[in-house]
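The structure appears right after this line, and notes come after that.
Bear in mind the structure is a predicted one, so any value in this text is a computation, not a measurement.
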There are 2 protein chains.
Amino acid sequence: MVSEREADARARACLTVVARPGDPWLGALLETHGAARVWADLRAKRPAPELSGEKIGAEHTWRRWSTRAQRVDQDALLGDSVEAGIRFVSPDDPEWPGRLSEDRVPPYGLWVRGEGDLRHLCLRSVAVVGARSATPYGEHVASEMAYTLGEHSVVTVSGGAYGIDGAAHRAAIAVGATVVVLACGLDVDYPRGHAALFADVARGGVLVSERPLGTTPRAPDFLIRNRLIAALTPGTVVVEAGRRSGALNTASHATEMGRVLMAVPGPVTSAMSVGCHVLLRDRQASCVTGAEDVLAQLGPLAQTPVDRPLRVEADLSPETSRVLAAVPRTGAGTASIALAAGGDLEGTMRALGVLAAAGLVERCPAGWRLPTPR
Amino acid sequence: MVSEREADARARACLTVVARPGDPWLGALLETHGAARVWADLRAKRPAPELSGEKIGAEHTWRRWSTRAQRVDQDALLGDSVEAGIRFVSPDDPEWPGRLSEDRVPPYGLWVRGEGDLRHLCLRSVAVVGARSATPYGEHVASEMAYTLGEHSVVTVSGGAYGIDGAAHRAAIAVGATVVVLACGLDVDYPRGHAALFADVARGGVLVSERPLGTTPRAPDFLIRNRLIAALTPGTVVVEAGRRSGALNTASHATEMGRVLMAVPGPVTSAMSVGCHVLLRDRQASCVTGAEDVLAQLGPLAQTPVDRPLRVEADLSPETSRVLAAVPRTGAGTASIALAAGGDLEGTMRALGVLAAAGLVERCPAGWRLPTPR
């Protein structure tokens, strides 16, 4: 007998196989009827559940999903993933980045590979993106930025491409963990030349994708993936971008989602800086020349190193303060902390994430405890 | 017997010898009592005329000016200047740039050398400024920008230094006239290495200074001079600037005066672009990557080439339209045009300047006429 929550997660994992990420109709169906119901209807070839404002062509889409759903072997999907070191994180999971729920169409779920905790890595993070065909200048700036951000315990989130993405991850790994967001299945090392890099990332950091095991990437998938990069982070930095670079697509997602958008200037004679200069000229992005500028743009949360507690606990919200007061020095599980704090489970998890990022609580075998003095 | 206007101009010329440019007290005295009265009082060693809100230490300053005034040979000052090819332009002169009168403390008067008409050159102009110790990148960008602005009949205004200033002037000369703003007397070629450049500028363009013949430059004079560069133009572009570059001083004058401030981005690894990036980061300046961006920032006036008439005469103010209607095809003097247009002399001169800049009227022996069809 599976729990309701487990059924929801399993259904969501299967939905990542049948539907492309970011489908607004499926997003609305999930919100109204729940993943388990939607999945059961697809598998049983029942008609789509009713939804106000149903989009044209939905019948056809639903049938396509339903046909694909017949071919999904739920146990094999999850079993093979686990064997490949890939876990499925659903919105109910403590590892789910709270920030994603602000998105108009949040991912149905995320496939995650690596030792890091996705939620905690993304709390104090910044997307460092840019052209695949980067110049040595761009790669240098991306490296310096990711490294220095890492020194300030800010995690670099980026794609897995050559150029800016690769340079940023390589530098970030040298000083901490990073998050690679892929457009393909996490067992597909794309590009091949980054297989070793991805293995390095998995130690301490994570790779994440909306796509299931075995999915090879096609061009439009990268645009969908860019949405996730912007959504996972409080801010996006465009290091280098040609006039039609995919990084500008990530930039416009960041703006749409109300995230901080930043761009690195470069020589006006460089085609690879044209996109950045357009963002600056149109005042869509703030000008940043290095990690210090990025930290200043991201504000107080990013400026608090993880390994040092917040000096000013007055910065905490009343709810977060109550949760902090409820964390015992000896450690307790999330549920019992929520009970002691008088809050609900989700709010308590969110508060614990904030407190962990600020170094005010830490994980322990029992769950969470106040940090041990060093 | 000299006219009142001539007496004012002569007094102002002498005042440029005794007082440093931009003295707010002298500015106020001139506005309240007129230059002739102030100069006469200084020469006669009379006490300073009364002024509400007189500043502390004024007595001492006045005595110093008065002492210096005794040594000024008015006729020699103007005679020697004329011999050196230098004329004195006072606020009553048709060549006085109207824009200067918006300044908090306008120059007492301007020394001008060269064949160009300062007022008309400044109408459609932009200040292109930057570091003396510019990089090859900065000099390249300054050259491209000044040249392309010249192609669009926009005049480059800059200082006379090596680096950005020199690069901009050299390129601008190749396509049109330029305005060099000096911190020294116009007979003092500073720096010496630019003597030939200054001679080139004088053919078609002008050199301008607030300082009289023979004044050698000292460090603080350049800061005072920067005020004039910003004041002469509707917008200032900083091409390259170190963290403490004098170009940033010009930039802050431009902002204070409500001029358009622009900055060219560069490699974040270049110390010579740090100043530009600070202006961009703090959103004090707009990001421009070339002449096209500058033209877009400067708006409609800058986009109208001088040698082509405005298409939309509806853009003209009612007063300027009346003046245009009063200009005969055969030509007439400014005074008779003012009479025919029913306006005052100063307003008519201002309108004629605008019309000339738009190519709707042109100079002729009689004064002004409608352009001869080509």
- Exceeds 12 heavy-atom contacts within 6.0 angstrom, atom OH of B/Tyr190: no

Distance col, row B/Leu280:CG vs A/Asp293:CG, nearest 0.5 angstrom, shows 11.0 Å

Whatever's closer than 4.5 Å to a heavy atom in chain A on B/Ala263 counts as neither

query: Does any non-hydrogen side-chain atom of A/Arg283 lie less than 4.5 Å from one of B/Ser286?
result: yes

Would you check if A/Thr269 and B/His140 make a side-chain contact, meaning some heavy-atom pair closer than 4.5 Å? yes

Under 4.5 Å between any side-chain heavy atoms of A/Arg281 and B/Thr289, yes or no?
no

For B/Val288 and A/Val268, the nearest pair of non-hydrogen atoms, with its separation, is O-CG1, 4.5 Å

